[in-house]
Undergrad: 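Please find one structure pasted underneath; my questions will follow.
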Amino acid sequence: MSETASKAPGAVEQSGDANRWKALIFIALAQLMVVLDATIVNIALPSAQQDLGISDGNRQWVVTAYALAFGGLLLFGGRIADLWGRKRAFVIGLVGFAAASALGGAATSGAMMFGARALQGVFGAMLAPAALSLLAVMFTDAKERAKAFGIYGAIAGGGGAVGFILGGVLTEYMDWRWTFFVNIPFAVVAALGAYFVIREPEGGRNRSPLDIPGVVLSTLGLVSLVYGFTRAESDGWGDSVTVSLFIASAVLLVAFVVTEARVKAPLLPLRVVTDRNRGGIYLSLGIAIIAMFGTFLFLTYYLQVVKGYSPIKTGFAFMPMIVGMMVGSTQIGTRLMTRVPARLLMGPGFLVAATGMFLLTRLEIGSSYSTTVLPSMLLLGLGMGTAFMPAMSLATLGVEPRDAGVASAMVNTSQQVGGAIGTALLNTIAASATTSYIKDHIATAATKPQQQLVQLQGMVHGYTNAIWFAVGMLVLAAAIVVTFVNAGTPGSTAVASGEGVEDEVPVPVVAH
């Protein structure tokens, strides 16, 4: 493609002209598989634990092994995509993820299961940034970019809830092993489609030597951070190992930033995160995900434990959130993304989600699904879908092509770290409030049914306390967006492609 075409606003990549919409199908399929896997395994965990003889103390490693590998290696995976080529990294990630899923489904011991989950995380960390950066370099026209990221954002936001349904169906009617095996057809179809259909634009590679100190420091720093929050959930915030992990994480990540500022070819060029728009996006997304992940967990327990829903019924109860996300991403976000500044979509989007979260603070044992849970889920989905859509696009807008992979990895990193923090932090708040409530009220319960009622009331009290915190997180995310994100309409600047682009691609600024 000519240099002129690469720099023209609204230019369309001619090299991928014929097939880019077909390519989107396979990229979206791969993204759906990764997002599904994050929740589908949770539903199957009790059955897998029993079959494989995993102790209660070790069962967390089924989730933690994946989270540590995925969260710790995302920046490295993004850099590999820039170095090897996004299409190649994407296909290798898919094939590796399928192999790891087959190993998990065939697991005969806890150790084999933990190893398979860690491998899934490794290949997921290569796959996820490659998928997002492919979209960033293939869709450069404003309106097309809006549609593509609308579809991608809806899948990224709603796929986790779909995982509850699929996990419930597979576990209840087939076998827990199928929650792993189901990834294989997804991966095979996506890999074959990507291999034959995707035509990555030329000239966007970053062939600089790999920043080994940056890889080591970022991986160890992120692993320490994610594991610290995971351990805090099970062992408490005052545990000596938990505190040591947080201190180690802070030291390693500070050392990483210092290193990146000095080396010639950094793993994470600081220009990617110091841009006020991208920095604001990464921070607000991470904070919003803290609220979302914790709420997924509380609603699952509320519906199953308090309301007595089956896993399948619980999964279908999340459908309004998926519908809201689809509408927010593909209808509101896509239609308005090329017309209004990103902050006027993201800020109100987070506030609508906060309103939905606020409705959940009214939860009681006898709350009606249709009058309390349903409207809150619709608002949550609608708000997050509207906010996610421009966030996904703006997070990779204006980056140099050679930085597209690592910029995409930062989106995934903020979500992964936010998820780990959200699960641990909100769980701790809920557990503390529940314990306090039961301690204060159990003395008045004379009979066993009354004691069970107090237990359930304490559980719901804990959830609502934590949900208040989640409301605050979403309001904070909205404030960060309004403060930092000052770019114009996300579709108004084409993503530069080709070599020889300048260090900074200007992003249009709306007059204040």
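Sequence positions, counted from 1, serve as the residue numbers for this chain.
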Undergrad: Would you name the heavy atoms of Ala407 and Tyr282 that are closest together and state the gap between them?
TA: O-OH, 3.2 Å
Undergrad: Would you call Ile467 and Leu426 a side-chain contact if the rule is heavy atoms closer than 4.5 Å?
TA: no
Undergrad: Roughly how far, to the nearest 0.5 Å, is CG of Leu127 from CD1 of Ile27?
TA: 10.0 Å
Undergrad: Passes side-chain contact (heavy atoms from CB on, under 4.5 Å), Phe256 versus Leu267? Steps please.
TA: CA-CA 9 Å; Phe256 170 68; Leu267 173 69; 4.0 Å; yes
Undergrad: Does CZ in Phe114 sit with more than 12 non-hydrogen atoms of other residues, nucleotides or ligands closer than 6.0 Å?
TA: yes
Undergrad: Can you establish whether the number of heavy atoms outside Trp178 located under 6.0 Å from its atom CH2 is more than 12?
TA: no
Undergrad: Between OH of Tyr463 and CG of Asn427, what distance do you get to the nearest 0.5 Å?
TA: 8.5 Å
Undergrad: Within a strict 4.5 Å, meaning less than it, do heavy atoms of the Phe229 and Leu245 side chains meet?
TA: no
Undergrad: Could you give the distance from CD1 (Ile287) to CE (Met292), rounded to the nearest 0.5 Å?
TA: 15.0 Å
Undergrad: Please name the pair of heavy atoms, one in Leu222 and one in Gly72, separated by the smallest distance, quoted to 0.1 Å.
TA: CB-CA, 3.8 Å
Undergrad: Can you measure from CE (Met126) to CG (Leu94) and round to the nearest 0.5 angstrom?
TA: 11.0 Å
Undergrad: Does the Thr242 side chain pair with the main chain of Gly238, one donor and one acceptor, at a distance under 3.5 Å?
TA: no
Undergrad: Verify the ring-centre separation between Tyr66 and Phe70: is it less than 6.0 angstrom?
TA: yes
Undergrad: So, for Gly77 and Pro129, which heavy atoms are closest and what is the spacing to 0.1 Å?
TA: C-CG, 4.1 Å
Undergrad: Mind checking whether Leu425 and Trp237 have side chains closer than 4.5 Å, heavy atoms only?
TA: yes
Undergrad: How many angstroms lie between atom OG of Ser101 and atom CG of Asn183, to the nearest 0.5 angstrom?
TA: 3.5 Å
Undergrad: Within the side chain of Ser414, is there an N or O that forms a donor-acceptor pair under 3.5 Å with the backbone of Leu283?
TA: no
Undergrad: How far apart are the C-alpha atoms of Ile92 and Trp84, what are their side-chain angles, what is the distance that settles it, and do they pass the side-chain contact (heavy atoms from CB on, under 4.5 Å) test?
TA: CA-CA 10 Å; Ile92 291 172; Trp84 290 357; 3.9 Å; yes
Undergrad: List the atom of Ala387, the atom of Phe350, and the distance in Å for their closest heavy-atom pair.
TA: CB-CE2, 3.7 Å
Undergrad: Looking at the rings of Phe186 and Phe97, which for Trp means the six-membered one, are their centres under 6.0 Å apart?
TA: no
Undergrad: For Tyr309, does the OH atom have more than 12 heavy-atom neighbours from other residues, nucleotides or ligands under 6.0 Å away?
TA: yes
Undergrad: Check whether any side-chain N or O of Arg177 sits under 3.5 Å from a backbone N or O of Ala48 as a donor-acceptor pair, and report yes or no.
TA: no
Undergrad: Under 4.5 Å between any side-chain heavy atoms of Val62 and Met113, yes or no?
TA: yes
Undergrad: If only atom types and distance count, is the side chain of Asp211 paired as donor or acceptor with the main-chain N or O of Glu260 below 3.5 Å?
TA: no
Undergrad: So, taking the atom named OG1 in Thr259 and the one named CG in Leu217, what distance separates them when rounded to the nearest 0.5 Å?
TA: 5.0 Å
Undergrad: So do Leu252 and Ser224 actually touch side chain to side chain, heavy atoms under 4.5 Å?
TA: yes
Undergrad: Can a donor-acceptor pair be found, under 3.5 Å and without considering hydrogens, that links the side chain of Arg86 to the backbone of Ala130?
TA: no
Undergrad: Using every non-hydrogen atom in the two residues, find where Val95 and Ala191 come nearest and quote the distance to one decimal.
TA: CG2-CB, 4.5 Å
Undergrad: Would you say Lys87's side chain and Ile198's backbone share a donor-acceptor pair under 3.5 angstrom?
TA: yes
Undergrad: Is there a donor-acceptor contact under 3.5 Å from the side chain of Arg117 to the main chain of Ala65?
TA: no
Undergrad: So, do Phe181 and Trp176 have ring centers that fall under 6.0 Å from each other?
TA: no
Undergrad: Does Leu360 reach the side chain of Met377, with side-chain heavy atoms less than 4.5 Å apart?
TA: no
Undergrad: Taking it one step at a time, do Leu268 and Ser218 satisfy side-chain contact (heavy atoms from CB on, under 4.5 Å)?
TA: CA-CA 9 Å; Leu268 175 63; Ser218 69; over 6 Å; no
Undergrad: Heavy-atom distance under 4.5 Å between the side chains of Leu253 and Ser249, does that happen here?
TA: yes
Undergrad: Got Val216 and Leu220 here, is their nearest side-chain heavy-atom distance under 4.5 Å?
TA: yes
Undergrad: Restricting to non-hydrogen atoms, name the atom on Ile429 and the atom on Ala466 that form the minimum distance, rounded to 0.1 Å.
TA: CG2-CA, 3.8 Å
Undergrad: Establish, yes or no, whether a centroid distance under 6.0 Å links the rings of Trp61 and Tyr227.
TA: yes
Undergrad: Please report the C-alpha distance between Leu474 and Met384 in whole Å, then the side-chain angles of each, then the deciding distance to 0.1 Å, and finally whether the side-chain contact (heavy atoms from CB on, under 4.5 Å) criterion is met.
TA: CA-CA 10 Å; Leu474 287 170; Met384 294 302 277; 4.0 Å; yes
Undergrad: Is the number of heavy atoms from other residues, nucleotides or ligands within 6.0 Å of CE (Met459) greater than 12?
TA: yes
